[in-house]
Amino acid sequence: MSDLSDVNEPETWAEHMAIAARHPRRAELVVGLSFLLATLSVFVLGWIYTQNGQPQIEGMMLFVLFGGIGFGMAAWGKWLMPKGPFVEEREVLTSETNQERFSETFQRGRVAVEGRRSFLLKMFIGVNGLMGAILLFPLRSLTDKGPKAGGPLYTTQWKAGALVVDEENRPVHISTLDVGGSLTVFPHGYTDATDDQTLLVRAATTPVAPPGRPDLEKWSPAGYLAFSKVCTHAGCPVGQYEAQFQKLLCPCHESTFDVLDGAAVVFGPAPRPLPQLPLMMDDNGYLRARAGYGEPIGPGFWSRGG
């Protein structure tokens, strides 16, 4: 802390009121760009959210938002604030000359902080206001008017007529599997989409259907059945097919599903059957989806409804 006698010297006060930046305009530009970047990230974040969201991009925008505000504040404090030190106590300025110089120095400091940087202050307030508003968006999802988080969970890339292919993107022919065989398949062009992975099994040589649902025989040409490979319990891949017992087993928590009963749960914590993909055979003997999944695949989520 400086000696009071030194603090009251006009030259010392001028030094204390000075800022650290050698080029104030450049420092203001850096701070302004930081706040501007944070502001833009708020708008991008809001737009992504209204489009049912994309977690990776939303996370990136939040990083830019908080990073921009934090860097801007740090830069402002480091380069644009008076260096000090400051004390409240001071001796009475008895000299009229010292009083005038002190007043001039104080005025220059006030102008520097409140005048030239008032725009930065408005930007700072604005971006924080926008950030507060954007953080209220998730509350809208609790109402029927707001977008539902996880909207893409309702659908997959399986559409009516989608060609069934294996992991090498090769079409699956009606003769590909023998009875008792199984294969992980995808819609053509989406072999990297894990949500679309489907377990194809051949349970018989003729169409099969769950008890009491003969209308579903058309979903299983030549005994082929297709079920979502994403477990309805915790989302693990249901990859084990026990052909002898016509059961599908999830290795994570041992949920077991009955292939001949619409993948109904016969053991384990899974709360519901695996969704079944309706199949059909085209004129060339290749398997295609008759339609997409009729219900969301995977574990339940809070906005599923019903």
Side-chain angles (χ1 to χ4, degrees), residues 48 51-60 149-203 207-208 216 218-243 246-253 255 257 259 262-263 270 272-301 304:
I48 293 295
Q51 303 301 310
N52 285 325
Q54 210 289 334
Q56 289 76 19
I57 298 179
E58 289 176 343
M60 186 184 304
L153 294 176
Y154 283 102
T155 60
T156 67
Q157 296 300 328
W158 287 106
K159 311 295 182 187
L163 184 62
V164 177
V165 301
D166 63 13
E167 294 175 299
E168 302 297 327
N169 212 30
R170 295 172 301 196
V172 178
H173 192 265
I174 199 72
S175 61
T176 297
L177 295 179
D178 295 326
V179 174
S182 65
L183 184 67
T184 298
V185 296
F186 301 84
H188 182 258
Y190 297 96
T191 55
D192 59 344
T194 55
D195 288 348
D196 295 337
Q197 58 182 334
T198 297
L199 190 63
L200 180 70
V201 301
R202 191 171 191 186
V208 295
L216 297 186
K218 59 185 178 183
W219 287 14
S220 58
Y224 279 90
L225 293 163
F227 300 98
S228 171
K229 198 173 179 178
V230 184
C231 184
T232 55
H233 173 228
C236 298
V238 181
Q240 297 181 16
Y241 171 47
E242 297 179 349
Q246 298 291 2
K247 298 292 188 296
L248 293 174
L249 177 66
C250 177
C252 289
H253 304 93
S255 292
F257 306 89
V259 169
R272 63 189 181 94
L274 296 172
Q276 183 172 357
L277 181 70
L279 296 176
M280 66 178 185
M281 182 176 62
D282 66 17
D283 295 339
N284 296 316
Y286 291 101
L287 294 178
R288 292 181 180 272
R290 183 180 294 272
Y293 283 108
E295 58 183 310
I297 59 97
F301 49 93
R304 183 193 296 275

*Locate the shortest heavy-atom distance separating Gly235 from Pro299; write the atom from each residue and the value.*
N-CG, 3.4 Å
*Do we see a donor-acceptor contact under 3.5 Å between the side chains of Gln276 and Tyr293?*
no
*asked:* Tell me every residue that passes side-chain contact (heavy atoms from CB on, under 4.5 Å) with His188, counting only those two or more places apart in sequence or in another chain.
replied: Leu163, Val165, Asn169
*N/O donor-acceptor pair under 3.5 Å between Tyr224 side chain and Ile174 backbone*: yes
*Heavy-atom side-chain contact between Gln246 and Tyr241 under 4.5 Å*: yes
_Shortest non-hydrogen contact between Ala226 and Leu279, atoms and distance_ = CB-CD1, 3.8 Å
*So, do Leu200 and Thr184 sit near enough that their side-chain heavy atoms are less than 4.5 Å apart?*
no
*Hey, does the side chain of Thr232 reach the backbone of Arg272 with a donor-acceptor pair shorter than 3.5 angstrom?*
yes
_Surrounding NZ of Lys218 (heavy atoms of other residues, nucleotides or ligands, distance under 6.0 Å), is the total greater than 12?_
no
*asked:* Using every non-hydrogen atom in the two residues, find where Ser182 and Val201 come nearest and quote the distance to one decimal.
replied: CB-CG1, 3.8 Å
_Pairwise distance CG(Asp195) to OG(Ser228) - rounded to 0.5 angstrom_ = 8.5 Å
*Which atom names give the shortest non-hydrogen contact between Val230 and Gly298, and what distance separates them?*
CG1-CA, 3.6 Å
*Go through the side-chain N and O atoms of Ser175 and His173 and say whether any donor and acceptor fall under 3.5 Å apart.*
yes
_Side-chain heavy atoms of Lys159 within contact of Pro187, under 4.5 Å_ = no
*Any donor-acceptor pair under 3.5 Å linking the side chain of Arg288 with the backbone of Gly161?*
yes
*Using side-chain contact (heavy atoms from CB on, under 4.5 Å) as the criterion, list what pairs up with Ala263, not counting sequence neighbours.*
Phe227, Phe257, Leu274
*Separation of Lys229 NZ from Ile297 CD1 (nearest 0.5 Å)*: 13.0 Å
*Over all atoms of both residues, closest heavy-atom pair of Val164 and Ala289*: CG2-N, 4.3 Å
*Compare the SG-SG distance of Cys250 and Cys236 against 2.5 Å and report whether it is shorter.*
no
*Examine distances only and state if a side-chain atom of Asn284 and a backbone atom of Tyr286 form a donor-acceptor pair shorter than 3.5 Å.*
no
*Could you tell me the separation between the CD atom of Gln240 and the CG atom of Leu199, rounded to the nearest 0.5 Å?*
10.5 Å
_Considering all heavy atoms, the nearest Leu287-Pro221 contact_ = CD2-CG, 3.9 Å
*Supply the atom-to-atom distance Leu277 CG to Ser220 OG, rounded to the nearest 0.5 angstrom.*
12.0 Å
